[in-house]
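The structure under discussion appears below in the form of structure tokens.
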Amino acid sequence: MSYILLEQDRSQKWLADEIEVSMATISQIKKGKRLPTLPVALRIAKALNKNVEEIWVEENNESID
């Protein structure tokens with residue numbers, strides 16, 4: 001998510017305000033210390049004009065079964 005914010009010249013504060021969550025929530029998600037709920041993940045994707053898969057991709061590219 002960090003690279004997308006940089007690419008779009010957006011701040012964590014902008015994203016937090018845009019999707020109506022706290023800065024702490026965005027910071028924890030960005031650092032990988034917390035996973036977003038599905039509704040929050042969808043709001044983040046919409047705000048960044050991306051698909052959820054473009055933001056959170058599997059690190060090892062293995063399928064989830």
**Item:** side-chain hydrogen bond (donor to acceptor under 3.5 Å, both in side chains) partners of residues 15-25, not counting sequence neighbours, each pair once
**Value:**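 side-chain hydrogen bond (donor to acceptor under 3.5 Å, both in side chains) check on residues 15-25 returns Lys13-Asp17, Ser22-Thr25, Thr25-Arg34.
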**Prompt:** Can you find a pair of side-chain heavy atoms, one from Ile29 and one from Ile44, that are under 4.5 Å apart?
**Reply:**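 Yes, at least one pair of side-chain atoms sits under 4.5 Å.
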**Item:** Single-linkage hydrophobic cluster Trp56~Tyr3, side-chain heavy atoms < 4.5 angstrom
**Value:**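 Shared cluster, yes.
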**Request:** Look at the side-chain heavy atoms of Ile, Leu, Val, Met, Phe, Trp and Tyr, link any pair under 4.5 Å apart, and say whether Met23 and Leu35 land in one connected group.
**Result:**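 The answer is no; the residues belong to distinct hydrophobic clusters.
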**Nearest atoms (heavy-atom pairs only) where Ala47 meets Leu15** =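 Smallest interatomic distance, heavy atoms only, reads CB-CD1, 3.9 Å.
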**Request:** Quick one: do Ile19 and Lys46 satisfy side chain to side chain contact (heavy atoms under 4.5 Å, CB included)? Show the steps, please.
**Result:** CA-CA 9 Å; Ile19 66 166; Lys46 183 177 180 181; over 6 Å; no
**Message:** For Lys50, give me all partners under side-chain contact (heavy atoms from CB on, under 4.5 Å), at least two apart in sequence or on another chain.
**Reply:**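 With sequence neighbours excluded, Lys50 shows a side-chain contact (heavy atoms from CB on, under 4.5 Å) to Ile4, Glu7, Gln8, Leu48, Glu54, Ile55, given in chain and number order.
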